[in-house]
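Heavy atoms only: backbone and side chains are in, while hydrogens, waters and symmetry mates are out.
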Amino acid sequence: ETKVGDNGVSVFTTGGNVDILNGAKVETGANNGVGVYYSGSNGTITNNTDKIKIGDNSFGFVNAGTGNTVTSRIGNISLGNDSIYIYQNDSTGKVFNYTSVTSTGNKNYALYGNGIMENHGVIDFSTGNGNVGMYATTGGIGRNYGNIKVGFSNTSAKEYGVGMATGYYNETTGEISNEGLIENRGTINVGKDNSIG
């Protein structure tokens, strides 16, 4: 069992393989807390527990190395506000998510980053507004094989519930950036007004 406060990291490694076994407990505080932070190369990060608690504005898993593979196999993970379950800053990395990810609050992401990201689980963001199931940033490939449920949008704040997204549009300059590729091979349910598949 590991538990850290705000801005803390539960598990940090610069190499090798990381296995979070069934029954293990990982808890982070708020404000950039991280459950598992990996900065090495050519390793694997495998999650086999549903006992992960992520604080607001924090991360479950961060892949910051090169050539790594993150696999989340079981469980149901809940996000509060402004949090990301798996963040990948690795253009050569791979993410395979089979875990159910739900939201209780707003402006969360289940999977965010570049490289290859695949969702095979249920992302239920039907609660809260401005939640995004998958976001592929520059050069990233996001593929959904599972079920994504899109929640509410707050149009006045320009916070939209979105199943899958890529790219950024600057309304002031008209510039488009951060473009990747998204493919839906599963199901995206949009049941709320002003929200987006």
Derivation and outcome, side chain to side chain donor-acceptor pair (under 3.5 Å), residues S195 and S153:
CA-CA 6 Å; S195 294; S153 293; 2.9 Å; yes

Using the ring-ring contact (aromatic ring centres under 6.0 Å, His included) rule, collect all pairs that involve [range], keeping only residues at least two apart or in two chains.
| range | result |
| --- | --- |
| residues 171-197 | none |
| residues 50-90 | F59-Y87, F61-Y85, Y87-Y112 |
| residues 3-33 | F12-Y37 |

Where do [X] and [Y] come nearest, in terms of heavy atoms and distance?
| X | Y | answer |
| --- | --- | --- |
| V150 | I188 | CG2-CG2, 3.8 Å |
| F125 | T102 | CE2-C, 3.9 Å |
| N147 | K149 | OD1-CG, 3.9 Å |
| I54 | G60 | CD1-CA, 3.5 Å |

How does the hydrophobic cluster around I176 look, that is, which other residues are in it when side-chain heavy atoms under 4.5 Å mark a link?
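Result for I176 is Y169.
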
State whether the number of non-hydrogen atoms from other residues, nucleotides or ligands found under 6.0 Å of D193 atom CG is greater than 12.
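Incorrect, the count does not exceed 12.
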
Tell me yes or no: between the side chains of [X] and [Y], is some donor less than 3.5 Å from an acceptor?
| X | Y | answer |
| --- | --- | --- |
| N97 | N119 | yes |
| N131 | N108 | yes |
| N144 | N184 | yes |
| T46 | T71 | no |
| N17 | T44 | yes |
| S78 | N76 | no |

Has [X] got a side-chain atom pairing as donor or acceptor with [Y]'s backbone, closer than 3.5 angstrom?
| X | Y | result |
| --- | --- | --- |
| S72 | N47 | no |
| N32 | S58 | no |
| N129 | N106 | no |

Please list, chain by chain and in numerical order, all residues satisfying side-chain hydrogen bond (donor to acceptor under 3.5 Å, both in side chains) with T172, sequence neighbours excluded.
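Not a single residue meets the side-chain hydrogen bond (donor to acceptor under 3.5 Å, both in side chains) criterion with T172.
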
For E183, what residues pass the salt bridge (Lys or Arg N to Asp or Glu O under 4.0 Å) criterion, not counting sequence neighbours?
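Applying salt bridge (Lys or Arg N to Asp or Glu O under 4.0 Å) to E183 gives R143, R185.
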
